[in-house]
Engineer: 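I am attaching a structure below and will ask some questions about it afterwards.
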Amino acid sequence: MATRYDRAITVFSPDGHLFQVEYAQEAVKKGSTAVGIRGLDIVVLGVEKKSVAKLQEERTVRKICALDDHVCMAFAGLTADARIVINRARVECQSHKLTVEDPVTVEYITRYIATLKQRYTQSNGRRPFGISALIVGFDDDGSPRLYQTDPSGTYHSWKANAIGRNAKAVREFLEKNYKEEAIATDRETIKLAVRALLEVVQSGGKNIELAIIRRNQPLQIFSAKDIESQVAEIEKEKEESEKKKKKSI
Amino acid sequence: AGRIQLLHGTTTLAFKFRHGVVVATDSRASSGSYISTLQFNKVIEINPYLLGTMSGSAADCQYWERLLAKHCRLYALRNNERISVSAASKLLANMLGEYRGMGLSVGSMICGWDKKGPGLYYVDDNGTRLSGPMFSTGSGNTYAYGVLDSGYRPDLTVEEAYALGRRAIAYATHRDAYSGGVVNMYHMKEDGWIRVGRTDVSDLLHAYTEAKQ
């Protein structure tokens with residue numbers, strides 16, 4: 001009786017689980033991978049793009065969205081759910097500017113999104129949002145930020161993180177490769193993000209969407225050409241490091 | 001019908017200068033021709049970096065500015081940083097704006113020091129919200145403006161600024177029947193406000209007359 005009831009709506013199970021929230025997290029794990037990296041003067045978001053059907057227009061569904069001039073987010077999970085969350089966040093960014101006369105901090109808008117998600121884990125007749133979000137941007141004082149939220153409504157600050165399918169593999173790659181030298185310049189930070197995605201994305205540059213924000217500059221989404229040149233550079237570097245290894249043997 | 005209206009008579013002023021912001025008010029609360037309170041504090045201390053002045057209806061000012069203080073505190077707790085002067089004044093202006101046309105009487109100056117430096121906003125029950133270097137409110141404000149405008153320079157020393165504020169309030173109380181009592185003065189600095197003191201206007205006016213001889 002009670003045990004069957006808690007799978008359909010968000011109430012506690014006898015052993016303390018919120019099954020609906022956990023199922024939402026499973027939905028996130030099925031979504032395409034997204035990676036976020038916080039550099040020194042730049043923040044980078046990269047997303048695995050699912051291959052586009054022949055008749056579909058390429059750029060109708062973007063997985064990286066601007067929330068305001070200085071903040072943007074990528075998500076993993078249910079695209080339709082994400083659209084609702086992104087819309088609410090965009091309204092809140094402007095509402096905050098109107099009442100406080102200052103742009104939101106990245107932490108504030110993350111907290112707003114997380115609070116919104118939590119509300120849906122404690123309401124009658126609603127299910128949680130099936131998305132995790134990576135929110136990046138710069139605060140007024142110039143510091144770069146990266147936050148991650150999940151369907152339960154928790155949020156944390158990260159130096160680098162990944163969400164979606166294969167997130168674990170990407171995160172392991174980041175843990176090994178996120179070092180001071182790797183984020184020393186903007187170019188190196190971008191390369192690190194692309195390399196992290198290439199670990200898990202098949203067929204290279206075609207299936208990657210990449211975007212950056214530099215301090216005091218708006219969101220910049222990379223064109224397919226720019227992504228290809230990044231990938232090409234990375235493959236060249238890989239070849240050269242392999243040649244060196246061979247020579248030293 | 002006679003509605004008892006407290007505090008309509010007032011003189012308050014505030015001005016920015018090189019060393020911060022000076023805030024000065026009189027202390028008379030009147031209901032009609034009866035002086036209900038001789039020493040009424042017309043400056044609400046919202047937090048160590050924010051002050052609000054009151055003119056108009058004493059009840060309305062006290063209530064709404066205390067409510068503003070509550071919201072400022074919640075903001076600081078939620079966002080881990082002090083609220084800016086522009087945000088605080090906007091909160092008050094929006095609260096009053098909801099009651100537009102319903103008979104509120106509030107003329108307030110929100111004054112503080114935040115990341116952007118010294119801040120001074122005038123907010124009233126019409127929904128007006130203005131940022132500026134100098135304001136005076138209340139029934140005695142015209143007399144105060146006369147003295148302020150003739151003596152103001154942005155590079156006043158601290159003592160000169162205090163003297164100017166005192167003089168403006170004193171002469172306003174001299175001509176305005178509904179202002180009087182003592183001059184309550186505050187000085188907003190980078191590390192917060194200090195209470196400069198309380199001076200009786202009759203003592204001040206005597207001193208000015210003697211200085212003229």
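Within every chain, numbering begins at 1; the chains are lettered A, B, ... in the order of the sequence lines, protein sequences first and strands thereafter.
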Engineer: Does the plane of the ring in B:Phe17 sit parallel, tilted or perpendicular to the ring in B:His19? Use 30° and 60° as the thresholds.
Structural biologist: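 Ring orientation of B:Phe17 relative to B:His19: perpendicular.
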Engineer: Using heavy atoms and a sub-4.5 Å threshold, report which of residues 100-113 of chain A line up against chain B, by residue number.
Structural biologist: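 Within residues 100-113 of chain A, the residues under 4.5 Å from chain B are A:Val100, A:Glu101, A:Asp102, A:Tyr108, A:Arg111.
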Engineer: Any salt bridge (Lys or Arg N to Asp or Glu O under 4.0 Å) pairs touching residues 140-161 of chain B, not counting sequence neighbours?
Structural biologist: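 Every pair satisfying salt bridge (Lys or Arg N to Asp or Glu O under 4.0 Å) with a residue in residues 140-161 of chain B: B:Arg153-B:Asp155, B:Arg153-B:Glu160.
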Engineer: Against chain A, label B:Asn94 side chain, backbone, both or neither, depending on which of its atoms sit under 4.5 Å from a heavy atom there.
Structural biologist: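 Contact with chain A is through the side chain of B:Asn94 alone.
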Engineer: Quick one: do the A:Glu48 and A:Ser32 side chains pair a donor with an acceptor below 3.5 Å?
Structural biologist: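 Per modelled atom types, A:Glu48 and A:Ser32 side chains form no pair under 3.5 Å.
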Engineer: Assess the side chains of B:Thr128 and B:Asn126: does a donor N or O sit below 3.5 Å from an acceptor N or O?
Structural biologist: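 Per modelled atom types, B:Thr128 and B:Asn126 side chains form no pair under 3.5 Å.
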Engineer: Determine whether A:Asn177 and A:Arg195 satisfy the following criterion, side chain to side chain contact (heavy atoms under 4.5 Å, CB included), listing intermediate values before the conclusion.
Structural biologist: CA-CA 10 Å; A:Asn177 291 282; A:Arg195 278 165 59 209; 3.6 Å; yes
Engineer: Please tell me whether B:Tyr122 and B:Phe135 form a close aromatic pair, meaning their ring centres lie under 6.0 Å apart.
Structural biologist: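 For B:Tyr122 and B:Phe135, the ring centres are under 6.0 Å apart.
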Engineer: Could you please state which residues from residues 179-200 of chain B sit under 4.5 angstrom from chain A, measuring non-hydrogen atom to non-hydrogen atom, sorted by number, or 'none'?
Structural biologist: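 Expected list: none.
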Engineer: So, A:Asp139 and A:Arg145, do they make that salt bridge, N to O below 4.0 Å?
Structural biologist: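 Looking at A:Asp139 and A:Arg145, the cut-off is met.
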Engineer: Does a salt bridge link A:Glu209 with A:Arg62, judged by any charged N lying under 4.0 Å from a carboxylate O?
Structural biologist: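 Here A:Glu209 pairs with A:Arg62 in a salt bridge, since their nearest N and O are under 4.0 Å apart.
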Engineer: Within the 3.5 Å criterion, strictly below it, is a donor on B:Glu65 or B:Ser108 matched to an acceptor on the partner's side chain?
Structural biologist: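 The criterion, which ignores hydrogens and geometry beyond distance, is satisfied for B:Ser108 and B:Glu65.
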Engineer: Decide, yes or no, whether a salt bridge links A:Asp140 with B:Lys116 under the criterion of side-chain N to carboxylate O below 4.0 Å.
Structural biologist: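 A salt bridge is absent here (no side-chain N lies under 4.0 Å from a carboxylate O).
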Engineer: Regarding B:Lys115 and B:Glu81, does a basic nitrogen lie under 4.0 Å from an acidic carboxylate oxygen?
Structural biologist: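 Yes, B:Lys115 and B:Glu81 are salt-bridged.
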Engineer: Judged by modelled atom types alone, do B:Thr12 and B:Thr137 share a side-chain donor-acceptor pair under 3.5 Å?
Structural biologist: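 Present: a donor and an acceptor within the cut-off.
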Engineer: Check this for me: does any side-chain nitrogen of one of B:Lys42 and B:Asp26 sit under 4.0 Å from a carboxylate oxygen of the other?
Structural biologist: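 A salt bridge links B:Lys42 with B:Asp26.
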Engineer: Sort by residue number and list every member of residues 149-176 of chain A having a non-hydrogen atom under 4.5 Å from chain B.
Structural biologist: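 Result: none.
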